[in-house]
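Every chain is numbered from 1 and lettered A, B, ... according to where its sequence line falls, protein lines coming before strand lines.
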Amino acid sequence: MRIVIAEDLLLLRDGLIRMLTDTGHTVVAAVDSGPDFERAVLEHGPDLSIVDVRLPPNFRDEGLKAALAVRAREPRAPILILSQYVERTYAAELLADGNGAIGYLLKDRVTALDDFLDALDRVAAGGTAMDAEVIRQLFARNTRDRGMNALTAREREVLALMAQGLSNSAICDALTLAPPSVEKHIGNILSKLDLPPSDNTNRRVRAVLAYLNQ
Amino acid sequence: MFPRMGRAVAHLFAGVVVGPLAFAWAVATTLATAVLSFTYVGLPLFLVVTWVSRRVARFERLRAGWVLGVAVPNPYEPVAGHPWRRGRALTRDPATWRDLAWLGLSFPVGGLTGVVGLVVAVVDLGAVLAPVWLWAVPNPHLHPAAHWLFNTVPGRFAFSALGLAAAPLALRLVPALSRLQASVAARLLGPDPRRQVVELRATRLRVVDAQAAELRRIERDLHDGAQARIVAAGMTLALADRRLRAAGLADDPARADVLNARRQLDDALVELRRLVRGIYPPILADRGLAAAVAALAADAPFPVTARADDLGDLPPAVEAAAYFVVAEALANAVKHAGAAACEVEAARTADGGLAVTVRDDGRGGADPAGSGLDGLRRRVEALDGRMDVTSPPGGPTTVTAEFPCAS
């Protein structure tokens, strides 16, 4: 994959570049600020861009804003946000357009290399990769909601993995279930969450979104 | 006792001398400066007069401090620069006018306390020493009624006894008068207590603000420093692990160590992240109070209506304290009150302050002296704010905090 990186800390930028090139990817640009990131993405049109939430000059949420600005111009540009901490609000903003191809992970997830590479592939393919921590915050909040109460324990497990962006087969592996039963669970979840089967590709994103915005 | 008396007498005596001189100086210079203030001589004259008056005031401060036993501090604002600016700064400094007030008052106050005090001291000393001086200076032309008292030995000793009897009174009265004069001087010539309170409060707010800014800096430093380094070390280990696997050493004990080290780093990061949230929540640093309150509301495990818009620029200390008030109130509503819904409101008050209110529908009975709420109250009060908790048994609980925000 051709990848653009925006990370202001040299140590992490070099680490990411090494890691990505080691695993057969090409880093076409590595920048350290929000505006440079916007320029680089629009110029290179990469298969994926990775951006840190906090970037110069103010070290607040410039990276997030730059990502949203890029998406406003290129609605399907796949972007993975890496951050030292995850904030549900940020996840909701990223997913708001419902186009998928978005990831939001804690930086330390990078060290689980296989999962990280898997997340990169998912985002580049138009899926989502939400940090387990965001999902945990989500579930902690939603345990009292009506929709959640209707779900069985197993369905909740499936929803958690689905919300992280895992594919059906990945869910099968994680929970050691047979593919038909996973499909059945997902069908139940979507109907209980009142998500009619219309646009099949984005239903997963919309399931997460429904929770984020509740 | 006697050194104090001696000091009081000396002080009162000096006051009687200084008083009229100071008064005359004050009247003459004020008149002259007022008359000449419309000419070129006015400003230099004012500067010279103030210079001299301040020397006199310093002497008076020393004199008062000598009696009171504590130094009277110098109240002046520092002045520097061009004579014009010095003149303006001097006229604006209230201490200049308080000096002048003392110069005027030193005559009546110094005169009154001085004359009364000295007369009492001299008369009493005279009475005690009567046998000596009446013996040395016999006076034949006395009224017959006074004859016994003045010219017989028992009479003279009775006089002395009278003086000794009055001595305790004199020994109290004279130092008291001297202290009275000195404390008036200290009040006028020392720093204005009201001003000191204002300054103290300003200083404290600066300290608290600096502390909040420091916490925010620590949060950033951890983010860019320790946390980033741990993540980088994790990446290196992840690559090492990948190399080991590629080299067919997936079952090598070294790989177990690498994986173990990675887990330890992950734990360190989780720990550090929790610590940072407690110091200065990243969302607050990133987006400010309104967004941070909205995030708290969204993360609560029950419906929370949050109203917090257009809060504008807030001092970091106020922002952090308000955040923790909301966070703690929501946590209490979940943990103790068994609330099903909550309302959070943050708004600027009419006088530019900040008010936050958290209202839940729980069972109430919160203890305002409980460690969590009490710690918050202290934090709010350190900012000159006020925090109230109303939580009757049966509920509902309302926590309000108001902060002044001088900008």
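Salt-bridge annotation for B:R262 and A:D108: absent, with no side-chain N of the basic residue lying under 4.0 Å from a carboxylate O of the acidic one. Using a 4.0 Å cut-off between charged side-chain N and carboxylate O, A:D114 and B:R245 make a salt bridge. The pair A:D22-B:R243 meets the salt-bridge criterion, with a side-chain N (NZ, NE, NH1 or NH2) lying under 4.0 Å from an Asp/Glu carboxylate O.
In this structure, A:V110 and B:V231 have side chains that are not in contact, with every pair of non-hydrogen atoms separated by 4.5 Å or more.
In this structure, the portion of B:R216 lying under 4.5 Å from any heavy atom of chain A is its side chain and not its backbone.
Panel note: side chain A:R60, backbone B:R287; no donor-acceptor pair is recorded below 3.5 Å. Between the side chain of B:R242 and the backbone N or O of A:L113 there is no donor-acceptor pair closer than 3.5 Å.
Ranked by non-hydrogen atom pairs under 4.5 Å with chain B, the options A:E93, A:K107, A:E133 are led by A:E93. Your options are A:T89, A:D8, A:L12, and the one with the most heavy-atom pairs under 4.5 Å with chain B is A:L12. Counting heavy-atom pairs closer than 4.5 Å to chain A, the top residue among B:G234, B:P282, B:A232 is B:P282.
Smallest separation of non-hydrogen atoms from A:F59 and B:D286: O-OD1, 4.2 Å. Contact record, B:H223 with A:Q84: O-NE2, 2.8 Å, taken as the closest heavy-atom pair. Nearest heavy atoms, B:A228 versus A:L11: O-CD2, 4.5 Å. Closest heavy-atom contact between A:R18 and B:L239: NH2-CD1, 3.7 Å.
The number of heavy-atom neighbours closer than 6.0 Å to CZ of B:R220, taken from other residues, nucleotides and ligands shown, is above 12.
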Applying side-chain contact (heavy atoms from CB on, under 4.5 Å), run through A:V86 and B:R273 and close with a yes or a no.
-> CA-CA 10 Å; A:V86 289; B:R273 205 171 278 133; over 6 Å; no
